[in-house]
Enquirer: 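Have a look at the structure that comes next, please.
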Amino acid sequence: MNQSIPIRTLHESLTEAEREAVEAACSHYEQRPAAAIDALMIVQQQRGWVDDERLYALAELLGMSATELEGVATFYNHIYRQPVGRHVIHLCNSISCWLQDVGALEQHLCERLSIRMGQTSQTGQITLLPNVCLGCCDKAPAMMLDGELIMDLDKDKLDSILDKLQGEGNG
Amino acid sequence: MDKPLSSHLNIEQPQDIGAYQAVGGYQGFLAALEQAPQKVQQQVKESGLKGRGGAGFATGEKWRFVPMGDDAPKQKYLICNADEMEPGTFKDRWLMEGAPHLLLEGVMIAAYAIGASQAFIFLRGEYRLCARRLQQAIDEAKQAGLLGENIRGSGFGLNILLHQSAGRYICGEETALLNALEGKRANPRAKPPFPQVVGLFGRPTIVNNCETLCNLPGILRHGVQWYQQLSDSPDAGTKIYGISGRVKKAGLWELPMGVSAGHILSLAGGMQDGRKLRGWLPGGASTDFLLPEHLELPMGFDAIAKAGSRLGTGGIIALDDGHCPVGMVLNLLQFFAQESCGWCTPCRDGLPWAVEILSRMEVGKGTQEDLDELSRLCDFMWIGKTFCALAPGAVEPLRSALKYFADDFAEHVDKGRCRYRH
Ligand SMILES: Cc1cc2nc3c(=O)[nH]c(=O)nc-3n(C[C@H](O)[C@H](O)[C@H](O)COP(=O)(O)O)c2cc1C
Ligand code: SF4
């Protein structure tokens with residue numbers, strides 16, 4: 001049941017490099033659908049998020065139905081099924097950060113970016129999302145910026161990070 | 001004192017394979033290869049090693065159910081559970097960032113012991129530095145002929161694949177993890193059949209925690225007696241204990257199993273100036289609160305259970321007198337409500353319900369009926385009534401807070417406000 005599936009409509013939807021990367025991921029597992037997360041991540045890394053067209057194409061490539069793959073994609077906090085900004089901030093909101101009053105930092109971030117948690121700044125530069133415990137509890141509060149952990153946050157540190165990100169657009 | 005897990009751990013620049021081998025690294029694995037797999041299993045059983053993933057299940061005992069011998073299925077799997085998403089827990093990240101080869105050696109020993117030719121490290125996606133360092137270590141081990149076919153002429157072959165997950169707490173539950181790795185929605189599976197017999201892709205599979213596996217190289221290299229003398233408590237070996245919250249210096253320490261929580265707090269320099277300890281969770285978000293009067297208890301599986309909580313992951317979370325206990329429980333329950341996989345009704349509906357009540361209560365709009373309802377919910381989501389241990393784990397901090405911080409809850413109801421809010 002797991003022979004490779006003839007590739008028809010996929011040609012326009014996925015780049016050759018993406019298809020090859022997905023094939024390589026599939027080869028690691030006994031069954032092709034096991035590469036679902038890898039495949040979604042491959043597309044997301046290229047395009048920032050996973051749109052419907054790519055989801056259909058990946059489902060076909062993986063030999064699963066689009067609804068099944070959608071069920072997987074929407075299950076995870078770090079697979080984006082909606083467009084995000086050029087940079088994504090995930091601010092930890094779990095207990096060790098809460099005890100370091102991360103709420104004040106969240107408020108500060110929202111005010112500076114003029115958005116609420118879950119939104120993208122008007123310029124499309126920064127998306128702000130919550131995250132469960134980032135495992136940096138000894139250096140709380142913590143966040144993830146474009147996938148990298150940043151710890152020991154305070155207002156000054158946040159400001160200098162935001163200054164840098166927001167400066168990029170003009171420079 | 002011996003610190004087999006952390007004495008060579010370096011978070012800035014972990015040892016490469018050469019440096020690791022220069023201090024005896026991979027000798028445990030090579031010693032294992034000289035013996036029959038069942039003998040390796042026997043040693044681990046005799047060592048008394050208990051799983052560090054939270055439940056404290058004896059590792060040798062767990063392995064015993066894997067079919068062995070010529071009639072056993074040819075394909076078996078060993079999985080390292082490195083999904084570490086339990087709030088207040090950060091020990092596995094430390095081990096993987098600082099000592100990637102130690103974990104690989106543990107994975108190799110466990111895989112050999114159960115006869116698995118393929119291993120997976122199931123890593124939470126947020127741990128990117130771990131991913132880079134583990135992949136580098138895997139590549140080095142391949143180059144050195146410690147992975148691949150017919151390792152050192154033993155006839156045993158092994159591949160290790162690093163799988164990066166995409167962020168969902170339930171994936172750490174071992175049967176949900178199997179579904180996640182198969183590319184399915186990560187709902188837990190019914191047991192039996194147990195993963196040891198019918199696991200990943202239907203094959204015999206062992207899932208062990210990252211820290212558990214890191215204990216194996218020492219046991220194989222230095223023997224059972226050495227391992228047992230590391231601790232004089234009922235639990236063998238050392239443990240990575242940690243503490244976070246408003247302490248002077250939050251962190252992690254490798255200590256003999258069974259040291260007191262008070263000792264860990266003192267290593268952290270005590271509470272921050274002007275803050276007093278009100279309560280603590282011994283091992284992550286899903287363990288019952290204990291009080292300052294419990295600080296002298298040994299941090300061992302039985303002693304903490306006797307006091308009404310669980311050792312869990314050994315990552316202590318300290319609640320100080322500048323934070324509201326009701327607010328803390330609300331934060332914890334929000335986590336569990338969000339991360340519920342939605343498979344069974346008590347958890348899917350009960351957790352958001354508890355969050356709704358706690359939110360009301362925190363802003364002073366709760367009633368006595370709400371308090372009664374919270375107690376009922378604790379019962380409604382307890383062990384045996386839900387499909388997996390996530391919901392009972394969520395109940396633990398809630399029920400113990402209702403008991404130990406009853407006055408705080410009552411004050412919110414009676415005065416219609418939270419004294420910690422301005
Ligand atoms: C909701 C939930 C989440 C869990 N998350 C983890 C985890 O992130 N890491 C882990 O090692 N064990 C986790 N566990 C425990 C595992 O199910 C399993 O018991 C453990 O990996 C076994 O390893 P051990 O025997 O080496 O302790 C979790 C359990 C539950 C119920
Ligand atoms: S208890 Fe919660 S997490 Fe576990 S199966 Fe039920 S809904 Fe899913």
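Worth saying up front: this structure is predicted, and the values here are computed from it rather than measured. Letters go in sequence order (proteins before strands), and every chain restarts at 1. Every heavy atom of this structure was used, including side-chain atoms; hydrogens, water molecules and symmetry mates were not.
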Enquirer: How far does CD of A/Glu30 sit from CG of B/Leu200, to the nearest 0.5 angstrom?
Expert: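 Nearest 0.5 Å value for the CD-CG distance: 7.0 Å.
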
Enquirer: Tell me the closest heavy-atom pair linking A/Cys136 and B/Phe90, and the distance in Å.
Expert: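 Scanning both residues, the minimum pair turns out to be N-CB, 4.4 Å.
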
Enquirer: With only heavy atoms counted, which part of A/Ile37 is less than 4.5 Å from chain B, the side chain, the backbone, both or neither?
Expert: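 When you check distances to chain B, only side chain atoms of A/Ile37 fall under 4.5 Å.
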
Enquirer: Return the option, out of B/Trp94, B/Phe120, B/Phe201, B/Tyr169, with the maximum number of heavy-atom pairs under 4.5 Å with chain A.
Expert: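 Max contact count across the listed options: B/Phe201.
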
Enquirer: With a 4.5 Å cut-off on heavy-atom pairs, point out which of A/Cys133, A/Pro130, A/Ala39, A/Ala73 contacts chain B the most.
Expert: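 Most heavy-atom pairs under 4.5 Å with chain B: A/Cys133.
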
Enquirer: With a 4.5 angstrom heavy-atom cut-off, which part of B/Ala268 approaches chain A: side chain, backbone, both or neither?
Expert: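 Neither; nothing under 4.5 Å.
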
Enquirer: With a 4.5 angstrom heavy-atom cut-off, which part of B/Leu181 approaches chain A: side chain, backbone, both or neither?
Expert: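 Both backbone and side chain of B/Leu181 come within 4.5 Å of chain A.
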
Enquirer: Could you please spell out the steps behind the side chain to side chain contact (heavy atoms under 4.5 Å, CB included) verdict for A/Met41 and B/Gln164?
Expert: CA-CA 10 Å; A/Met41 278 301 180; B/Gln164 286 174 265; over 6 Å; no

Enquirer: So what's closer than 4.5 Å to chain A heavy atoms on B/Gln338: side chain, backbone, both or neither?
Expert: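 Contact with chain A: side chain only.
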
Enquirer: If you count heavy atoms of other groups shown closer than 6.0 angstrom to CD of A/Gln122, is the number above 12?
Expert: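 No - once you tally the heavy atoms of other residues, nucleotides and ligands closer than 6.0 Å, there are 12 at most.
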
Enquirer: Quick check on the interface: out of B/Ala166, B/Ala250, B/Cys341, B/Ala318, who has the most heavy-atom pairs with chain A under 4.5 Å?
Expert: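 The candidate making the most pairs under 4.5 Å is B/Ala166.
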
Enquirer: Against chain A, label B/Leu252 side chain, backbone, both or neither, depending on which of its atoms sit under 4.5 Å from a heavy atom there.
Expert: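 B/Leu252 has no heavy atom closer than 4.5 Å to chain A.
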
Enquirer: Quick check on A/Cys92 against chain B: is it the side chain, the backbone, both or neither that has a heavy atom closer than 4.5 Å?
Expert: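 Contact with chain B: none, neither part.
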
Enquirer: Is the CH2 atom of B/Trp253 crowded by more than 12 outside heavy atoms at less than 6.0 Å?
Expert: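 Yes.
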
Enquirer: Between B/Arg185 and chain A, which part of the residue has a heavy atom less than 4.5 Å away: side chain, backbone, both or neither?
Expert: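 Contact with chain A: backbone and side chain both.
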
Enquirer: Only pairs of heavy atoms separated by less than 4.5 Å count here; which of B/Gln75, B/Glu182, B/Glu126 has the most with chain A?
Expert: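 It is B/Glu126.
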
Enquirer: Name the region of B/Cys130, side chain, backbone, both or neither, that has any atom closer than 4.5 Å to a heavy atom of chain A.
Expert: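 For B/Cys130, neither part sits under 4.5 Å from chain A.
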
Enquirer: Picking from A/Ala36, A/Ser96, A/Cys97, which has the most non-hydrogen pairs under 4.5 angstrom with chain B?
Expert: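 Ranked by contacts with chain B, first place is A/Ser96.
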
Enquirer: Within a radius of less than 6.0 Å around CD of A/Gln82, do more than 12 heavy atoms belonging to other residues, nucleotides or ligands occur?
Expert: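 No, the 6.0 Å shell around CD holds no more than 12 heavy atoms from other groups.
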
Enquirer: Quick one: does A/Leu149's side chain get under 4.5 Å of B/Arg128's, heavy atoms only?
Expert: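 When only atoms from C-beta onward are counted, B/Arg128 and A/Leu149 do not touch, as no gap falls below 4.5 Å.
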
Enquirer: Heavy-atom cut-off 4.5 Å, strictly under: side chain, backbone, both or neither for A/Leu134 against chain B?
Expert: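 For A/Leu134, the contact with chain B is made by backbone and side chain together.
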
Enquirer: Where on B/Gln334 is there a heavy atom nearer than 4.5 Å to chain A: the side chain, the backbone, both, or neither?
Expert: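 Neither part.
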
Enquirer: Sort out for me which of B/Lys91, B/His163, B/Glu84 touches chain A most, counting heavy-atom pairs under 4.5 Å.
Expert: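 Of B/Lys91, B/His163, B/Glu84, B/His163 has the most heavy-atom pairs under 4.5 Å with chain A.
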
Enquirer: Check step by step if side chain to side chain contact (heavy atoms under 4.5 Å, CB included) holds for B/Ser165 and A/Tyr76.
Expert: CA-CA 9 Å; B/Ser165 186; A/Tyr76 291 95; 3.7 Å; yes

Enquirer: Using modelled atom types and a 3.5 Å cut-off, is there a donor and acceptor pairing between side-chain atoms of A/Gln100 and backbone atoms of B/Gly245?
Expert: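 A pair under 3.5 Å: yes.
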
Enquirer: Got a donor-acceptor contact below 3.5 angstrom from the B/His323 side chain to the A/Leu99 backbone?
Expert: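 Checking the backbone N and O of A/Leu99 against the side chain of B/His323, a donor-acceptor pair under 3.5 Å is found.
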
Enquirer: How long is the gap from CD1 on B/Ile317 to CH2 on A/Trp98, to the nearest 0.5 Å?
Expert: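 If I round to the nearest 0.5 Å, the distance is 11.5 Å.
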
Enquirer: What is the minimum heavy-atom distance between A/Ile95 and B/Pro87, and which atoms define it?
Expert: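 Reported closest heavy-atom pair: CG2-CB, 4.0 Å.
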
Enquirer: When you measure from the side chain of B/Asn331 to the backbone of A/Asn93, do you find a donor-acceptor pair of N or O atoms at a distance under 3.5 Å?
Expert: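 Flag set: sc B/Asn331 to bb A/Asn93 pair under 3.5 Å.
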
Enquirer: Would you indicate whether B/Lys276, at its atom NZ, is surrounded by more than 12 heavy atoms from other residues, nucleotides or ligands within a distance under 6.0 Å?
Expert: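 It does not: B/Lys276 NZ has 12 such atoms or fewer within range.
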
Enquirer: Which atom names give the shortest non-hydrogen contact between B/Lys184 and A/Val72, and what distance separates them?
Expert: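 Smallest interatomic distance, heavy atoms only, reads C-CG2, 3.8 Å.
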
Enquirer: What I want to find out is whether A/Asp101 reaches B/Arg246 closely enough, with some N-O distance under 4.0 Å, to be called a salt bridge.
Expert: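 Judged by the 4.0 Å cut-off on N to carboxylate O distance, A/Asp101 and B/Arg246 do form a salt bridge.
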
